[in-house]
Enquirer: 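So that we are looking at the same thing, I have put the structure below in structure tokens.
Predicted, not measured: the structure shown is a model, and the values here were computed from it.
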Amino acid sequence: MTASAPPPVGRAARLRLRRTLHVATRGAQLLDRQLHLLRAELAELRRAEAAARDEWEARVREARTWLLRGLLISGEDALRTASRVPPAHVTVAWEDSLGVRRPGRTAGYPGVTDASDAAPRNTALAHAGTSYRAAVEAAARYGTASTAARLVEARLRDTTVRVRALHRLRIPRLQQNLTAIELALEQSEHEDALRRRWAARRTRPAAGG
């Protein structure tokens with residue numbers, strides 16, 4: 001491992017380093033603030049994800065209960081007739097929040113049956129169809145919340161790495177280089193002052209000359 005090159009010496013170099021250190025420090029402050037907001041956002045998204053998962057599981061249990069009742073009343077042949085429903089569609093609106101592009105609101109569009117299709121043979125199967133459509137919409141909300149939480153969590157990890165690099169590496173190195181430049185300039189100015197005093201004594205006329 002080779003040693004790093006010494007920092008350049010001079011007033012211009014000191015000015016550049018001060019500016020760079022200011023930018024790095026300000027950037028770390030902004031990222032610290034973003035970390036705080038991302039943690040709060042992630043906590044909220046995780047709560048929304050848990051609630052959406054509970055709702056989805058509840059909708060599925062409800063739909064299965066109605067389906068079982070319908071099958072007990074009319075048999076499996078009734079299910080084949082009632083299950084001829086076009087697929088549902090779900091749309092997801094994407095949004096940007098705290099620099100993260102993530103899914104937001106969802107809208108579900110259940111499959112529409114044709115007027116000529118046979119109606120469910122009993123009300124339990126009709127309730128089952130309604131419950132399964134609600135379960136699909138709940139699943140979309142759960143998937144959206146889960147994806148949003150993963151994306152924000154990934155940004156949180158990346159931002160944490162950047163903040164640590166600034167606080168532990170970049171800013172201390174800049175401060176060290178700035179200190180070295182300031183010491184070198186102080187030493188150079190001290191030596192210049194000594195040389196000027198020495199030159200002044202040599203050029204001063206001797207007393208009584």
Enquirer: Would you call E182-R18 a salt bridge at under 4.0 Å N-O?
Expert: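 So E182 pairs with R18 through a salt bridge.
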
Enquirer: Testing the basics here: between G70 and N122, what is the closest heavy-atom pair and its distance to 0.1 Å?
Expert: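 Reported closest heavy-atom pair: O-ND2, 3.3 Å.
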
Enquirer: To the nearest 0.5 angstrom, please state how far the CG atom of L21 sits from the CD atom of Q176.
Expert: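 If I round to the nearest 0.5 Å, the distance is 12.5 Å.
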
Enquirer: With a 4.5 Å cut-off on side-chain heavy atoms, are I181 and L17 touching?
Expert: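 They are in contact (side-chain heavy atoms under 4.5 Å apart), so the answer is yes.
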
Enquirer: Would R102 and S97 count as a side-chain contact (heavy atoms from CB on, under 4.5 Å) here? Give the steps.
Expert: CA-CA 8 Å; R102 57 184 179 85; S97 177; 3.8 Å; yes

Enquirer: With sequence neighbours excluded, give me every ring pair (Phe, Tyr, Trp, His ring centres under 6.0 Å) pair touching residues 23-54.
Expert: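 For residues 23-54: none.
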
Enquirer: Applying salt bridge (charged side-chain N to carboxylate O under 4.0 Å, His left out), can you list everything that pairs with R101, at least two apart in sequence or on another chain?
Expert: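 R101 satisfies salt bridge (charged side-chain N to carboxylate O under 4.0 Å, His left out) with D96 only.
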
Enquirer: Give the minimum heavy-atom separation between L174 and A24, together with the two atoms involved.
Expert: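 Answer, listing the atom of L174 first, then A24: CD1-CB, 3.9 Å.
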
Enquirer: For Y142, what are the other residues in its hydrophobic cluster, where any two members join if their side-chain heavy atoms are less than 4.5 angstrom apart?
Expert: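 In the cluster with Y142 are W56, V60.
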
Enquirer: Distance from N177 atom CG to T20 atom OG1, nearest 0.5 Å?
Expert: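 The CG atom of N177 sits 10.0 Å away from the OG1 atom of T20.
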
Enquirer: Which pairs, with at least one residue in residues 153-185 and sequence neighbours excluded, count as a ring pair (Phe, Tyr, Trp, His ring centres under 6.0 Å)?
Expert: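 Matches after skipping sequence neighbours: none remain.
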
Enquirer: What pair of heavy atoms forms the shortest contact from W66 to S131, and how long is it?
Expert: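 Residues W66 and S131, closest heavy atoms: CD1-OG, 3.5 Å.
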
Enquirer: When you look at T106 and T91, which way does the side-chain contact (heavy atoms from CB on, under 4.5 Å) test go after all the steps?
Expert: CA-CA 6 Å; T106 63; T91 61; over 6 Å; no

Enquirer: When hydrophobic residues are tied together by side-chain contacts of less than 4.5 Å, even through go-betweens, does L68 share a cluster with I73?
Expert: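 L68 does not cluster with I73.
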
Enquirer: Say you draw a straight line from CG of L166 to CZ of R173; how long is it, rounded to the nearest 0.5 Å?
Expert: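 Output value for this atom pair is 11.0 Å.
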
Enquirer: What side-chain donor-acceptor pairs closer than 3.5 Å can you find for residues 146-160, not counting sequence neighbours?
Expert:
residue	atom	partner	partner atom	Å
S146	OG	E49	OE2	3.2
S146	OG	R150	NH1	2.9
T147	OG1	G143	O	2.9
T147	OG1	R150	NH2	3.4
E153	OE2	R46	NH2	3.0
R155	NH1	G99	O	2.9
R155	NH2	G99	O	3.0
T159	OG1	R155	O	2.8
T160	OG1	L156	O	2.7

Enquirer: What heavy-atom pair brings V92 and G104 nearest, and what distance separates the two atoms?
Expert: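 So the two residues come closest at CG1-N, 4.2 Å.
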
Enquirer: So if you build clusters from Ile, Leu, Val, Met, Phe, Trp, Tyr with side-chain heavy-atom gaps below 4.5 Å, do L15 and V23 land together?
Expert: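 No, separate clusters.
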
Enquirer: Would you say V163 ends up clustered with L37 if hydrophobic residues are merged whenever their side chains have heavy atoms under 4.5 Å apart, either directly or through other cluster members?
Expert: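 They do share one cluster, since a chain of ILVMFWY contacts under 4.5 Å joins L37 to V163.
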
Enquirer: At their closest point, which heavy atom of R14 faces which heavy atom of L178, and how far apart are they?
Expert: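 Smallest interatomic distance, heavy atoms only, reads CG-CD1, 3.8 Å.
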
Enquirer: Is any side-chain heavy atom of R69 less than 4.5 Å from a side-chain heavy atom of T65?
Expert: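 A side-chain contact exists here, since the closest heavy-atom pair is under 4.5 Å.
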
Enquirer: In Å and rounded to the nearest 0.5 Å, what is the OH to NE2 distance from Y132 to H127?
Expert: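 Spacing of OH (Y132) from NE2 (H127) equals 15.0 Å.
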
Enquirer: Mind checking what makes side-chain hydrogen bond (donor to acceptor under 3.5 Å, both in side chains) contact with Q34, not counting sequence neighbours?
Expert: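 Partners of Q34 by the side-chain hydrogen bond (donor to acceptor under 3.5 Å, both in side chains) criterion come out as none, since no residue qualifies.
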
Enquirer: Output the distance between atom OG1 (T25) and atom CZ (R170), rounded to the nearest 0.5 Å.
Expert: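 Here the interatomic distance stands at 10.5 Å.
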
Enquirer: Identify the two heavy atoms, one from L98 and one from E41, that lie closest to each other, and give their separation to 0.1 Å.
Expert: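 Looks like CD1-CB, 3.9 Å.
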
